[in-house]
Amino acid sequence: MENRSIGVFIDGGYYAKINEGFSDGTRVNLKGLLSFIRTRTASSEGIDVRHLYITECHYYRGRYRAEDARKRDILYEERKFEDTLIENDVIFHYKHLRTNPKGGVIEKGVDTWFALDTYELTLFRKFDYVVLISGDADHEMLARKLKALKTHVILLTWDPAGTDSTSRFLSEEVCTHFDMNTITSENKSVFNATTTRCASI
């Protein structure tokens, strides 16, 4: 059997909401989650896991400029999280946050960047599977376009706070949906493998 590839694309804003939804300092264990993606995809597709690899993983997020992050006392936490991304071979892509005239923060253009990169990389890398970690309705058309490339699109969502943050249109458009709320409630070992208890990761 020939080897098959997985491309993983993480919406950083959505990933942050997952972590915010946990209580008692529980956070996503990124290494465990990536391992779960590989084994679960192999199982659901009837593939020997030895022939299935995550060949690329990308993370997209808006973030504060260094001086703003220092003033908000989040510079260390951002760097600590980047260490986690680096340790798991995740390629991170950042765009500076903007401020509006009222002093609020605007995350502009990240979703578009996420979609364009995902499509382009899938086109050239020819991933057999693309995993989207997102709940954004704006990515519905991305999923449709990826399927036109004959790529199997998997949506992974997790809503520990029960905020119903996943778009129904997106979940209906993909080929497969890994609903981590359901999966972890049915299998405690999956929850233990994909989460960790700490201040932040």
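These figures come from a predicted structure and were not determined experimentally.
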Task: Audit row: W158, F22, ring pair (Phe, Tyr, Trp, His ring centres under 6.0 Å) steps and yes/no - done: CA-CA 10 Å; W158 204 338; F22 288 117; 5.3 Å; yes
TODO: Just do the ring pair (Phe, Tyr, Trp, His ring centres under 6.0 Å) check on F114 and H139 with the steps written out, would you?
DONE: CA-CA 9 Å; F114 175 98; H139 295 144; 4.5 Å; yes
Task: CD-CG distance between E186 and D179, expressed to the nearest 0.5 angstrom - done: 9.0 Å
- [ ] Would you kindly confirm whether L146 and L170 end up in one hydrophobic cluster when ILVMFWY residues are joined by side chain heavy atoms under 4.5 Å apart?
- [x] yes
Task: Stepwise side chain to side chain contact (heavy atoms under 4.5 Å, CB included) check, L155 with T176 - done: CA-CA 6 Å; L155 178 68; T176 304; over 6 Å; no
Open item on the list: Checking T157 against F178 for the side chain to side chain contact (heavy atoms under 4.5 Å, CB included) test, could you report, in this order, the C-alpha distance in whole Å, the side-chain angles of both residues, the deciding distance, and whether it holds?
Closed with: CA-CA 6 Å; T157 60; F178 294 163; over 6 Å; no
Task: Approximate separation, where rounding is to 0.5 Å, of D128 CG and I47 CD1 - done: 7.5 Å
TODO: Consider only side-chain heavy atoms of I, L, V, M, F, W and Y, link residues closer than 4.5 Å, and tell whether L123 and L132 are in one cluster.
DONE: yes
Task: CG (D73) with more than 12 external heavy atoms under 6.0 Å - done: no
Open item on the list: Rounded at 0.5 Å granularity, tell me how far CZ in F124 sits from NZ in K126.
Closed with: 8.5 Å
Open item on the list: Do I183 and I154 land in one hydrophobic cluster if side-chain heavy atoms of ILVMFWY residues count as linked below 4.5 Å?
Closed with: yes
Task: Heavy-atom closest pair, residues C57 and I10 - done: SG-CD1, 3.8 Å
Open item on the list: Testing the basics here: between V28 and T196, what is the closest heavy-atom pair and its distance to 0.1 Å?
Closed with: O-CG2, 4.5 Å
- [ ] Answer yes or no: is there an ion pair linking E67 with R70, defined by an N-O contact shorter than 4.0 Å?
- [x] yes
Open item on the list: I need the T182 OG1 to N187 CG distance, nearest 0.5 Å.
Closed with: 12.5 Å
TODO: Please tell me if the side chains of Y59 and V8 come closer than 4.5 Å, counting only heavy atoms from C-beta onward.
DONE: no
Task: Side-chain (N181) to main-chain (D159) donor-acceptor, under 3.5 angstrom - done: yes
- [ ] Side-chain contact test, heavy atoms from C-beta onward, threshold under 4.5 Å: evaluate it for I91 versus L85 and give yes or no.
- [x] no
Open item on the list: Could you tell me if the side chain of K188 sits less than 4.5 Å from the side chain of N192, heavy atoms only?
Closed with: yes
- [ ] Grab the two heavy atoms, one from L34 and one from I54, that are nearest each other, plus how far apart they are.
- [x] O-CD1, 3.3 Å
Task: Minimum heavy-atom distance T194-V190, with the two atoms named - done: OG1-O, 2.7 Å
- [ ] Mind listing the closest non-hydrogen atom pair of R61 and G13 along with its distance?
- [x] CD-N, 3.3 Å
Open item on the list: With a 4.5 Å cut-off on side-chain heavy atoms, are I6 and V130 touching?
Closed with: no
- [ ] May I ask you to decide if the ring planes of H58 and F9 are parallel, tilted or perpendicular, using 30° and 60° as cut-offs?
- [x] parallel
TODO: Could you grab the distance from atom CG of L116 to atom CG of L121, nearest 0.5 Å is fine?
DONE: 10.5 Å
Task: Within-4.5 Å side-chain heavy-atom neighbours: E56 and F127 - done: yes
TODO: Go through E45 and Y129 one step at a time and tell me if the side chain to side chain donor-acceptor pair (under 3.5 Å) criterion holds.
DONE: CA-CA 10 Å; E45 291 297 298; Y129 301 90; 3.3 Å; yes
- [ ] For D48 and H51, indicate whether the former's side chain and the latter's backbone hold a donor-acceptor pair under 3.5 Å.
- [x] no
Task: Test side chain to side chain contact (heavy atoms under 4.5 Å, CB included) applied to L142 and T118, step by step - done: CA-CA 8 Å; L142 168 62; T118 302; 4.1 Å; yes
Open item on the list: Before we go on, tell me: are the rings of F81 and F92 under 6.0 Å apart, centre to centre?
Closed with: no
Task: Of R168, K145, K147, the residue whose pairing with E173 passes salt bridge (Lys or Arg N to Asp or Glu O under 4.0 Å) - done: K147
TODO: Examine M180 and V131 and state if one hydrophobic cluster contains both, with Ile, Leu, Val, Met, Phe, Trp and Tyr joined whenever side-chain heavy atoms are less than 4.5 Å apart.
DONE: yes
Task: Non-hydrogen atoms of R197 and D24 that approach each other most closely - done: NE-O, 2.6 Å
Open item on the list: Distance to the ring centre below 6.0 angstrom and angle to the axis at most 45 degrees; does that hold for R63 and Y94?
Closed with: yes
Task: Min side-chain heavy-atom separation I37-L156 under 4.5 Å - done: yes
Open item on the list: Keeping S35 on the side-chain end and K31 on the backbone end, is there a donor-acceptor pair under 3.5 Å?
Closed with: no
Task: R72 side, atom CZ; E78 side, atom CD - distance, nearest 0.5 Å - done: 10.0 Å
Task: Intermediate values then yes/no, side chain to side chain contact (heavy atoms under 4.5 Å, CB included), F191 and T26 - done: CA-CA 10 Å; F191 181 82; T26 298; 4.2 Å; yes
Open item on the list: Side chains of N3 and Y53 only: does a donor on one sit below 3.5 Å from an acceptor on the other?
Closed with: no
- [ ] Taking T151 for its side chain and V153 for its backbone only, find out whether a donor-acceptor pair lies under 3.5 Å.
- [x] no
Open item on the list: Please tell me whether L97 and Y60 are part of a single hydrophobic cluster in this structure, the criterion being side-chain heavy atoms less than 4.5 Å apart.
Closed with: no
TODO: Go through the side-chain N and O atoms of D136 and S134 and say whether any donor and acceptor fall under 3.5 Å apart.
DONE: no
